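Heads up, the thing below is written out as structure tokens.
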Amino acid sequence: MCGITGWVSFDRDLTAEATTLHAMTVTMACRGPDDRGTWAEGPAALGHRRLAIIDLPGGRQPMSAATPEGTVDMVYSGEAYNFTELRRELEGRGHRFTTDSDTEVVLHGYLEWGDAVAERLNGMYAFAVWDGRHDKLVMIRDRMGIKPFYYHPTSDGVLFGSEPKAILANPLARRRVTLDGLRELFVMVKTPGHAIWDGMHEVQPGTVVTVDRSGLSTRVYWHLKTRPHTDDRDTTIATVRSLLDDIVRRQLVADVPRCTLLSGGLDSSAMTAIAARQLARQGEKVRSFAVDFVGQTDNFVADELRGTPDTPFVHDVARLADTDHQDIVLDAQSLADPAVREQVIRARDLPAGFGDMDASLLLLFRAIREKSTVALSGESADEVFGGYLQFFDEEARRAETFPWLTTMGRHFGDDADVLRADLTKSLDLESYIADGYRAAVAGIERLDGESDFEHRMRRMSHLHLTRFVRALLDRKDRMSMAVGLEVRVPFCDHRLVEYVYNAPWALKSFDGREKSLLREAAADVLPRSVYERVKSPYPSTQDPRYARALQEQAKELLSRPSHQVFDLVDRDRLRLAAEREAPVSTQAARRGLERALDLARWLEVYAPEVITG
């Protein structure tokens, strides 16, 4: 796992731009603490920071391959879980390898198949190839968008990087955010290709972007396709389990210590238990980690979103699977620490608005990194198998909008409430959401004979897999790579996604509950408590000391009336939230405070030019 960056400028010789290339590359140091490398020749320059996972001495980058027609150079981030099979196939075609790394396999795969190598990869990846034979840059991103990848066209080429900060280190990129960028910050919808920063774009998941002297072109090599599902219930359950066994086996491969993230929910418990059973056959134990908060279990208050604390279920799984387990217990002071808030914003390049859930994730990953370099996560199972409340909410099912917006407003409130009234009017988030929804549903294919209800549920599934999950994947990647931890997401394997996506809703919920297929597929390895547990989302602190700390920080911010944040945030609304006598320890009550503080720190750290007119 690594950080990549680069620059193509067809009108200049970039060998003279070593200082700028270094500045771009050094921004990726957290993503790759083990090694760095740069390369420049003529119109192309590549930078790389490495987190060594496989073939520790042999995977240095940028990596080059000489051909009779010219040299091909690559920077690569991610893991190809089928690199062993691809290597054998390429060796059969005459290729010879000098390392054991998956990077070299991907490079030789490009030499053999060109950008069609993407269709052959199973994994998470973002990589760029400078093809000196044809003077072109080829940028490729994995199917689900697990690994981030950004680019910024210029007058004579392009800038690119794993994160916006790498691109923003180049003087050609302006730190400017327009109304459309602000809109993306205040809607829980990740518009494909949107990067918040003006002039910058994402390489969309499942897409190849090519830049040559004639300009920029894109090719989509993968998208969710509608296909008939002919397997019965038992066969479907067996297939899901077979896929999970294979996926977890592949994703446990590493030359460094690995672990699992265990929340006590169905997703992470199934993944952890399967991993534990596989490693037990090799005489190994799975190391597992969970996040908790001081006093949370003893003082837990159930609500509509979270009916039970995680820790008892975590411990049930750890005992049954015999994992080497550790709880990472966080206090309110750490969660509210302004230094942690700044680290979160630097990791994400924007004020994301997830509050204590971002802070706790960063602190969890930092603690894990002291023991492991690779972690397996249960992320995306809710999107794949249908686990969220909105999948069972009739209003959300029928709403002509993104279904999670219907339920999230009830539980999390509206963080846009803290904005100035004139800015709220200019943003017109309602229209922005409506336009985005129409674009999102336009290409969803309907199966012949599919009922109206089944098609609605297919549409919900498609929206979660192409809009909602991408925001969560980006969050997890940024928080983990900020501390040099590689997080793998088994439930994002495209084979599993394609198979379950096409299973009808009647199969996905055959027992009237969420994630029925996953529950039955892993029933033999789960404790009964987890098998019966109702879905509970990522935990949030209920400690009132956290809310009080936010209030004090907001009062300090209000004491600086000339702060640029008040061009965006309504002072009176923030003052009301800061002076509330009995701070409520719910996410909805805190959300405006967290958003205002995030915006203020983002403006201080990045000094963006914000265009609100």
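Here the structure is a predicted model, which is why all the values come from computation and not from measurement.
- Figure legend: cation-pi geometry between Arg571 and Phe566, with NZ or CZ positioned under 6.0 Å from the six-membered ring centre and within 45° of its axis.
- In terms of the side-chain hydrogen bond (donor to acceptor under 3.5 Å, both in side chains) criterion, residue partners of Ser268 (sequence neighbours excluded) are, by chain and number, Ser263.
- In this structure, the side chains of Trp197 and Arg176 stay at 4.5 Å or more apart for every pair of heavy atoms.
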Salt bridge (Lys or Arg N to Asp or Glu O under 4.0 Å), that's the test. Do Glu163 and Arg31 meet it? Break it down for me.
CA-CA 10 Å; Glu163 298 179 6; Arg31 297 186 73 90; 2.6 Å; yes

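- With Phe313 as the aromatic partner, Arg533 meets the cation-pi criteria of under 6.0 angstrom to the ring centre and within 45 degrees of the ring axis.
- Scored by the side-chain hydrogen bond (donor to acceptor under 3.5 Å, both in side chains) test, Asp142 finds no partners at all (sequence neighbours excluded).
- Side chain of Ser334 to main chain of Leu330: no donor-acceptor pair is present (N/O by atom type, distance under 3.5 Å, no hydrogens or angles).
- Here Asp349 does not pair with Arg346 in a salt bridge; the nearest charged N to carboxylate O distance is not below 4.0 Å.
- Pairs engaging residues 461-473 under the salt bridge (charged side-chain N to carboxylate O under 4.0 Å, His left out) rule: none recorded [sequence neighbours left out].
- Under the side-chain hydrogen bond (donor to acceptor under 3.5 Å, both in side chains) criterion, Glu556 pairs with Arg560, sequence neighbours left out.
- Salt-bridge formation is not detected for the pair Lys535/Glu514: no Lys NZ or Arg NE/NH1/NH2 atom is positioned less than 4.0 Å from an Asp or Glu carboxylate oxygen.
- A donor-acceptor contact shorter than 3.5 Å links the side chain of Gln551 to the backbone of Ala577.
- Between Glu579 and Lys555, none of the side-chain N atoms (NZ, or NE/NH1/NH2) sits under 4.0 Å from a carboxylate O, so this pair counts as no salt bridge.
- Two residues are said to be in side-chain contact when any heavy atoms from C-beta on lie closer than 4.5 Å; Ser380 and Leu472 fail this criterion.
- A salt bridge does not link Asp598 to Arg595: none of the charged nitrogens lies less than 4.0 Å from a carboxylate oxygen.
- Put simply, the side chain of His455 never gets that close to the backbone of Ser451: no donor and acceptor are under 3.5 Å apart.
- The shortest side-chain heavy-atom distance between Tyr437 and Leu463 falls under the 4.5 Å cut-off.
- A salt bridge does not link Arg341 to Asp337: none of the charged side-chain nitrogens sits closer than 4.0 Å to a carboxylate oxygen.
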Evaluate Arg175 against Asp198 for salt bridge (Lys or Arg N to Asp or Glu O under 4.0 Å), listing each step before the verdict.
CA-CA 8 Å; Arg175 295 184 175 225; Asp198 190 37; over 6 Å; no

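- A cation-pi arrangement is found for Arg458 relative to Tyr501, the charged atom lying closer than 6.0 Å to the ring centre and inside a 45° cone about the ring normal.
- Aromatic ring pairs are classed by plane angle as parallel below 30°, tilted from 30° to 60° and perpendicular above 60°; the pair Tyr388 and Phe391 is parallel.
- Judged by the 6.0 Å and 45° rule, Arg475 forms a cation-pi pair with Phe354.
- Every pair tested for salt bridge (charged side-chain N to carboxylate O under 4.0 Å, His left out) that includes a residue from residues 359-369 fails, sequence neighbours excluded, so the list is empty.
- One finds the CG atom of Leu427 at 9.0 Å from the OG1 atom of Thr612 (value rounded to the nearest 0.5 Å).
- Using a distance-only test at 3.5 Å, with no hydrogens or angles considered, no donor-acceptor pair links the side chain of Glu202 to the main chain of Tyr150.
- Taking 4.0 Å as the cut-off between side-chain N and carboxylate O, Glu394 and Arg398 count as a salt-bridged pair.
- In this view, Asp292 and Thr311 satisfy the side-chain hydrogen bond (donor to acceptor under 3.5 Å, both in side chains) rule, not counting sequence neighbours.
- The residues Glu486 and Arg488 are annotated as salt-bridged, a charged nitrogen and a carboxylate oxygen being separated by less than 4.0 angstrom.
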